[in-house]
Protein chains: 2
Amino acid sequence: MTTPAANLSYRDIKRIVLERIKNRTWLPDSLLPNETDLAAEFSSTRTTVNRALRELAEEGYLERKRKTGTRVLNAPVRHARIAISLTRDEITATGAAYRYYLISSKRQSGPEWLAARLNLKQSPDVLHLKCMHYADNKPFQFEDRWIVIDSVPGVLDADFSEIGPNEWLVQAVPFTNVELTFQATRATPYVTEFLNAEQDEPLFTAERVTWLQGRPVTFARMHFHPGYRMVTQY
Amino acid sequence: MTTPAANLSYRDIKRIVLERIKNRTWLPDSLLPNETDLAAEFSSTRTTVNRALRELAEEGYLERKRKTGTRVLNAPVRHARIAISLTRDEITATGAAYRYYLISSKRQSGPEWLAARLNLKQSPDVLHLKCMHYADNKPFQFEDRWIVIDSVPGVLDADFSEIGPNEWLVQAVPFTNVELTFQATRATPYVTEFLNAEQDEPLFTAERVTWLQGRPVTFARMHFHPGYRMVTQY
DNA sequence: TAGTGGTCTAGACCACCCG
DNA sequence: GGGTGGTCTAGACCACTAT
């Protein structure tokens, strides 16, 4: 391994390291030279090498541990990034007009499945909302929203006839942890009507559980219109 | 805004900046002080402030541009990270045994929809594979795979009866760009049989198009077993 | 042209963690 | 205990871009 030309940027170093991994110059599960040695080889500094390796680890190619060193992962774990935006923004980004409609709002005791989903032993007191989001007056998403009243002070005073629960929540309560689930579900008769779907038609469905330091804040199930596709690149 | 205690790490600075955004000390669409001034306020250096702001931008809270400065985004775009691993690894990670089965393999001219999907004007010469992935002998995923022969030298010599096309491809050809799509589809009679699904049952379906510097490499459609959920956190 | 963020250098101290 | 990565400092030059 001869010394390459100097003045390598951290991007250059990332590229070279990735090449050597794909080359199998550095085999899976093997250790890379330490940062000081690599800096010497690249006529660079530890800071620059550090940034290159840190980002490659972040991208799933390397594993880094103090004392042990930097190891090539045998099955690089790539990650796709999915942008989580407000439904309003997702719709207006396509150039369509956004419309929101509140179907119903009811204070109630949460059902058992909800307590289980929120890791609660007792059924929480919740505000249960159903609403629709439209793009150019075509059904876009049906939202089934449950908000834990104890966790969200002021929620009973909010007016959800004009603003969607998600938009209200993001500016009203902080959160620390979110679990997102995607699945295919069968359209129920109730939802069918709002989404203009056929009976039993497959729907792309997302569920989101939001926590604030271990306390559950809200659970939402969102059914997208038939034919919806979630697209991402990496 | 008085000067806080010194010795703030970039993590501390991230936390403080985030607080001020949620506080509305710094309003959406407004500009933050420049890095030099922030470094002075935090009794830190530009390097440290830079890392904090860079990561917050990466996480979707800020937008940074030279000359203009650093701006608070009005609708922070959060991102969920979805780990993309080999089906084998996804299965063995749950403790289940992995089994792979090649249903069919055929060299053919790609259909029109495939050419369109790959941005090609002419139908490419492709290798078309169908295969199954099992977890503990239960159907896990049906894979419909199309490989552009011109883009993948040696693919005709590969033996896909033992190794899945994705596993073979990741170690045989590099790629630069991947487009991933998720949707809900209706189980076709053909797939129904392999996935042990009911007729018309909703299936969670992923499609992946892979490119190497503008040249299409492969297209895959993967139907997951009924009830499959893709889970992620952020 | 001028101001901002992007990046690199050279050096230092420290936290973690394996043996 | 000792080696590794994690991070900070202080300073510098540069690339981009709004005006």
Side-chain angles (χ1 to χ4, degrees), chain A residues 1 3-18 20-21 26-74 76-77, chain B residues 1 3-18 20-21 26-74 76-77:
Chain A
M1 223 49 65
T3 305
N7 288 336
L8 297 178
S9 72
Y10 80 96
R11 290 169 194 278
D12 296 324
I13 295 178
K14 281 178 73 171
R15 193 176 28 74
I16 294 171
V17 170
L18 252 187
R20 291 190 188 171
I21 293 173
W26 289 328
L27 293 171
D29 281 329
S30 68
L31 289 174
L32 269 60
N34 69 33
E35 295 188 344
T36 309
D37 291 349
L38 284 175
E41 184 197 331
F42 295 134
S43 307
S44 179
T45 59
R46 244 198 82 203
T47 312
T48 302
V49 170
N50 178 278
R51 178 161 181 191
L53 298 187
R54 175 160 37 87
E55 292 195 0
L56 287 173
E58 169 74 14
E59 291 165 24
Y61 293 103
L62 301 173
E63 181 190 43
R64 282 154 74 67
K65 244 187 293 192
R66 284 154 148 129
K67 165 72 178 184
T68 310
T70 299
R71 190 178 296 281
V72 180
L73 286 177
N74 44 21
V77 182
Chain B
M1 223 47 69
T3 306
N7 288 336
L8 296 177
S9 72
Y10 80 95
R11 290 169 194 280
D12 297 324
I13 295 179
K14 280 179 73 171
R15 194 174 27 72
I16 294 171
V17 170
L18 253 186
R20 292 190 186 171
I21 293 173
W26 289 327
L27 293 171
D29 281 330
S30 69
L31 290 173
L32 269 59
N34 70 33
E35 295 187 345
T36 309
D37 291 350
L38 284 175
E41 182 197 335
F42 295 134
S43 308
S44 180
T45 57
R46 243 198 84 203
T47 312
T48 302
V49 171
N50 178 278
R51 179 161 180 191
L53 298 187
R54 175 159 38 88
E55 292 194 1
L56 287 173
E58 170 74 12
E59 290 164 25
Y61 293 103
L62 301 174
E63 181 191 44
R64 283 154 73 67
K65 244 188 294 192
R66 283 155 149 129
K67 166 76 176 180
T68 310
T70 299
R71 188 178 298 281
V72 180
L73 287 177
N74 44 21
V77 181

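Below, chain A is the first sequence line, B the second, and so on; all start at residue 1.
A heavy atom closer than 4.0 Å to some atom of DNA chain D occurs in Asn34(A), Glu35(A), these being the qualifying members of residues 26-36 of chain A. Contacts with DNA chain C (heavy atom under 4.0 Å) in residues 56-73 of chain B: Arg64(B), Lys65(B), Arg66(B), Lys67(B), Gly69(B), Thr70(B), listed by number. The stretch residues 44-54 of chain B comes close to DNA chain C through Arg46(B), Asn50(B), each having a heavy atom under 4.0 Å from the strand.
For Glu55(B), the salt bridge (charged side-chain N to carboxylate O under 4.0 Å, His left out) partners are Lys14(B), Arg51(B), not counting sequence neighbours. Residues satisfying the side-chain contact (heavy atoms from CB on, under 4.5 Å) test with Thr47(A), not counting sequence neighbours, are Thr45(A). Every residue two or more places apart in sequence or in another chain that forms a salt bridge (charged side-chain N to carboxylate O under 4.0 Å, His left out) with Arg46(A) is listed here: Glu35(A). Residues satisfying the salt bridge (charged side-chain N to carboxylate O under 4.0 Å, His left out) criterion with Asp12(B), sequence neighbours excluded, are Arg15(B).
Counting heavy atoms from C-beta on, the side chains of Leu62(B) and Ile21(B) come closer than 4.5 Å. Contact check for Ile13(B) versus Leu38(B): no side-chain heavy atoms found under the 4.5 Å cut-off. Within the 4.5 Å cutoff, the side chain of Arg20(B) has no heavy atoms near those of the Val17(B) side chain.
When every heavy atom of Tyr10(B) is checked against every heavy atom of Ala52(B), the shortest pair comes out as O-CB, 3.6 Å. Annotation for Asn34(B) and Asp37(B): closest pair OD1-N, 2.9 Å, computed over non-hydrogen atoms. Of all non-hydrogen atoms in Val49(B) and Phe42(B), the two that sit nearest each other are CG2-CD1, 4.4 Å. A pairwise comparison of heavy atoms in Thr48(A) and Ser9(A) identifies CG2-C, 4.2 Å as the closest pair.
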List, one per line, each side-chain donor-acceptor pair under 3.5 Å for residues 65-74 of chain B, sequence neighbours excluded.
unit_1	atom_1	unit_2	atom_2	d
Thr70(B)	OG1	Arg64(B)	NH1	2.9
Arg71(B)	NH1	Asp29(B)	O	2.6

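Contact footprint of chain A on DNA chain C: nucleotides with an atom under 4.0 Å from a non-hydrogen protein atom, first to last in 5' to 3' order, dT7(C) to dC18(C).
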